Trainee: 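Pasting a structure here, questions to come.
Keep in mind the model is a prediction, meaning the values are calculated, not measured. The figures that follow rest on heavy atoms only: side chains count, while hydrogens, waters and symmetry mates do not. For ligands, and for the atoms within them, numbers begin at 1 and follow the listed sequence.
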Amino acid sequence: MIVSTNDIFKTAYGKFAVGAYNINNLEQTMGLFQGCLDSQAPFIIQISKGARSYTHKTMLEGLIRSAEQVFPDAVFAVHLDHGDEETCYDCIESGFYSSVMIDASHEDFEENIAITRRVVDAAHAKGIAVEAELGQLGGVEEDISVSEADAKLTDPNTAREFVERSGCDSLACAIGTSHGAFKFSGTQGLHFEVLQEIQKNLPNFPLVMHGSSSVPQDEVERINRAGGNLQGAKGVDDKQFKDAAKMGVTKVNIDTDGRLVWTRVHREHFMEHPENFDLRKPGKVFMAEYAKFIADKNEKLGSAGSLSEIRQNSKPL
Ligand code: G3H
Ligand code: 13P
Ligand code: ZN
């Protein structure tokens, strides 16, 4: 059942965070739905601009609609990840998305508000929620590169004004994470002191943490042993998710970790079975391993076991 992102947030706020997982293909979709049902968790499916052009936006929509039939007990929202204005309007028009993210965080404060406001007006007219971003994450977001050194944490003093003037429904905050497999160079970590201040200024308002993959070290070692080269890869400590959830983090974005599972499974498979050229063999292993990964992540987020509560409090879109 596809539901409103805001309905999920209302139930989850302050209690647990909901995993927002990116999908690009059939195998990720199957593993995601299976893992969320195994852990009885609601979830948010994210589609990036890159995913929409890797396959085709209609293909992804078809995959999700089919998954809804194959897994009728699943309760989830569909979300555009890191949209620009044009892509947001396309998703709003499609009638398929529960929410869109307008990422104008690279613009100055006033321009970020103006762009976000335009998207909010169009989205709210159709009952669709909007995530905006204030502050800049380190690393690479789509085609915008922001060096770790220049990463700008969200300013808690302007967060409230930003939300009030833009009208957004949730706010992606920069609190020290970055996208990809190489986070926290030097002594950086999550800036809970910034998060606490943001929550003080925006009580009961859902906050979003991007760049939240934990980059498990055993996964990295297995990839490297099977011929990969991800020396120095490092992620977010997933024991911190529950504390972050108490401070208002309601959506936690995870993409890289899923890519690591895919890479490990395929590297190991082809190393151990050099004679194989049947794509379904590693594909089958990946779907099962990805489902296990998702179920474990939902435990760490605190969303595991909340499916029936979310179902009761959410209407189908
Ligand atoms: O934040 C970006 C997400 O990990 C999506 O990545 O743009 O390569 O699909 P992508
Ligand atoms: P990771 O690269 O840490 O998985 O972050 C994904 C993300 O923020 C998608 O918007
Ligand atoms: Zn992101």
Trainee: Which bit of Ser212 is near ligand 2, meaning a heavy atom under 4.0 Å away: side chain, backbone, both or neither?
Mentor: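 Answer for Ser212: backbone.
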Trainee: For ligand 2, which is the ligand I care about here, please tell me if Asn22 has any N or O atom under 3.5 Å from one of the ligand's N or O atoms.
Mentor: no
Trainee: Heavy atom to atom 9 (C) of ligand 2, shortest distance: which of Asp81, Asp255, Leu137 holds it?
Mentor: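 Of the listed residues, Asp81 has the closest heavy atom.
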Trainee: I'd like to check which ligand 2 atoms, numbered from 1 as shown, lie under 4.0 Å from a non-hydrogen atom of Gly180.
Mentor: 2 (O)
Trainee: Within a 6.0 Å radius of atom CE on Met271, are there more than 12 heavy atoms belonging to other residues, nucleotides or ligands?
Mentor: yes
Trainee: In terms of relative ring orientation, are Tyr21 and Phe293 parallel, tilted or perpendicular, with 30° and 60° separating the classes?
Mentor: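 Ring orientation of Tyr21 relative to Phe293: perpendicular.
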Trainee: Check each atom of ligand 2 against the heavy atoms of Gly211 and keep those under 4.0 Å away; list them by number with element.
Mentor: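 Near Gly211, meaning under 4.0 Å from one of its heavy atoms, ligand 2 has 1 (P), 3 (O), 5 (O), 7 (C), 8 (O).
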Trainee: Just let me know how Arg259 lines up against ligand 1, side chain, backbone, both or neither, with a heavy-atom cut-off below 4.0 Å.
Mentor: side chain
Trainee: Looking only at side chains, do Ser48 and Asn22 share a donor and an acceptor under 3.5 Å apart?
Mentor: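 Side-chain D/A pair, Ser48 to Asn22: absent.
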Trainee: Does the ring centre of Tyr13 sit less than 6.0 Å away from the ring centre of Phe9?
Mentor: no
Trainee: Ion pair present between Lys15 and Glu309, side-chain N to carboxylate O less than 4.0 angstrom?
Mentor: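 Counted as a salt bridge, because a side-chain N and a carboxylate O are separated by less than 4.0 Å.
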Trainee: Is the closest side-chain donor-acceptor distance between His82 and Glu131 under 3.5 Å?
Mentor: no
Trainee: Evaluate the criterion side-chain contact (heavy atoms from CB on, under 4.5 Å) for residue pair Leu260 and Ile223; output intermediate values, then yes/no.
Mentor: CA-CA 8 Å; Leu260 294 177; Ile223 290 170; 3.9 Å; yes
Trainee: How does Asn253 reach ligand 2, by side chain, by backbone, by both or by neither, if only non-hydrogen atoms under 4.0 Å count?
Mentor: both
Trainee: Could you list which atoms of ligand 2 come closer than 4.0 Å to a heavy atom of Thr256?
Mentor: 1 (P), 2 (O), 4 (O)
Trainee: How are the rings of Phe76 and Phe43 set relative to one another: parallel (under 30°), tilted (30 to 60°) or perpendicular (over 60°)?
Mentor: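 Ring orientation, 0 to 90° scale: parallel.
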Trainee: Could you tell me which atoms of ligand 2, counted from 1 in the order shown, lie closer than 4.0 angstrom to a heavy atom of Lys183?
Mentor: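 In order of numbering, the contacting atoms are 1 (P), 2 (O), 3 (O).
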Trainee: Run the numbers for me: atoms of ligand 1, each under 4.0 Å from some heavy atom of Asp255, listed by number.
Mentor: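 Answer for ligand 1: 3 (C), 4 (O), 5 (C), 6 (O).
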Trainee: Which ligand 2 atoms are under 4.0 Å away from a heavy-atom of His210?
Mentor: 8 (O), 10 (O)
Trainee: Give a yes or no on whether a salt bridge exists between Lys57 and Asp90, defined as a side-chain N under 4.0 angstrom from a carboxylate O.
Mentor: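 Here Lys57 pairs with Asp90 in a salt bridge, since their nearest N and O are under 4.0 Å apart.
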Trainee: Quick one: nearest non-hydrogen protein atom to atom 7 (C) of ligand 2, plus distance?
Mentor: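 Result: His179 CD2, 3.3 Å.
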Trainee: Could Arg117 and Asp121 be called an ion pair, given the rule that one side-chain N must be under 4.0 Å from one carboxylate O?
Mentor: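 A salt bridge is present here (some side-chain N lies under 4.0 Å from a carboxylate O).
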Trainee: Look at Asp255 together with Arg259 and state whether they make a salt bridge at an N to O cut-off of under 4.0 Å.
Mentor: yes
Trainee: In terms of side-chain geometry, is the basic nitrogen of Glu27 or Lys284 positioned less than 4.0 Å from the acidic oxygen of its partner?
Mentor: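 No salt bridge links Glu27 with Lys284.
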Trainee: With a cutoff of 4.0 Å, is Met101 in contact with ligand 1, counting heavy atoms of the residue only?
Mentor: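 Heavy atoms of Met101 never come under 4.0 Å of ligand 1.
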Trainee: Please work out whether any backbone atom (N, CA, C, O) or any side-chain heavy atom from C-beta onward of Thr256 is under 4.0 Å from ligand 1, and answer side chain, backbone, both or neither.
Mentor: neither
Trainee: Looking at Lys242 and Glu299, is any side-chain nitrogen of the basic one under 4.0 Å from a carboxylate oxygen of the acidic one?
Mentor: no
Trainee: Is the contact between His210 and ligand 1 made by the side chain, the backbone, both, or neither, using heavy atoms and a 4.0 Å cut-off?
Mentor: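 Neither part.
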Trainee: Would you mind naming the N, O or S atom of His179 nearest to the Zn ion (ligand 3)?
Mentor: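 In His179, the N, O or S atom with the shortest distance to the Zn ion (ligand 3) is NE2.
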Trainee: If you look at His210, which of its N/O/S atoms is nearest to the Zn ion (ligand 3)?
Mentor: ND1
Trainee: Can you name the atoms of ligand 2, numbered from 1 with element, that are less than 4.0 Å from a heavy atom of His82?
Mentor: 10 (O)
Trainee: For Ser48, counting its heavy atoms only, list the atoms of ligand 1 lying under 4.0 Å from any of them.
Mentor: 5 (C), 7 (O), 9 (O), 10 (P)
Trainee: Test of understanding: given a 4.0 Å heavy-atom threshold, classify the contact between Asn22 and ligand 1 as side chain, backbone, both, or neither.
Mentor: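 The side chain, only.
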Trainee: Hey, does Ile254 come in under 3.5 Å of ligand 2, counting only N/O atoms on both sides?
Mentor: no
Trainee: Going by the atom numbers of ligand 1, which of them fall below 4.0 Å from some non-hydrogen atom of His82?
Mentor: 1 (O), 2 (C)
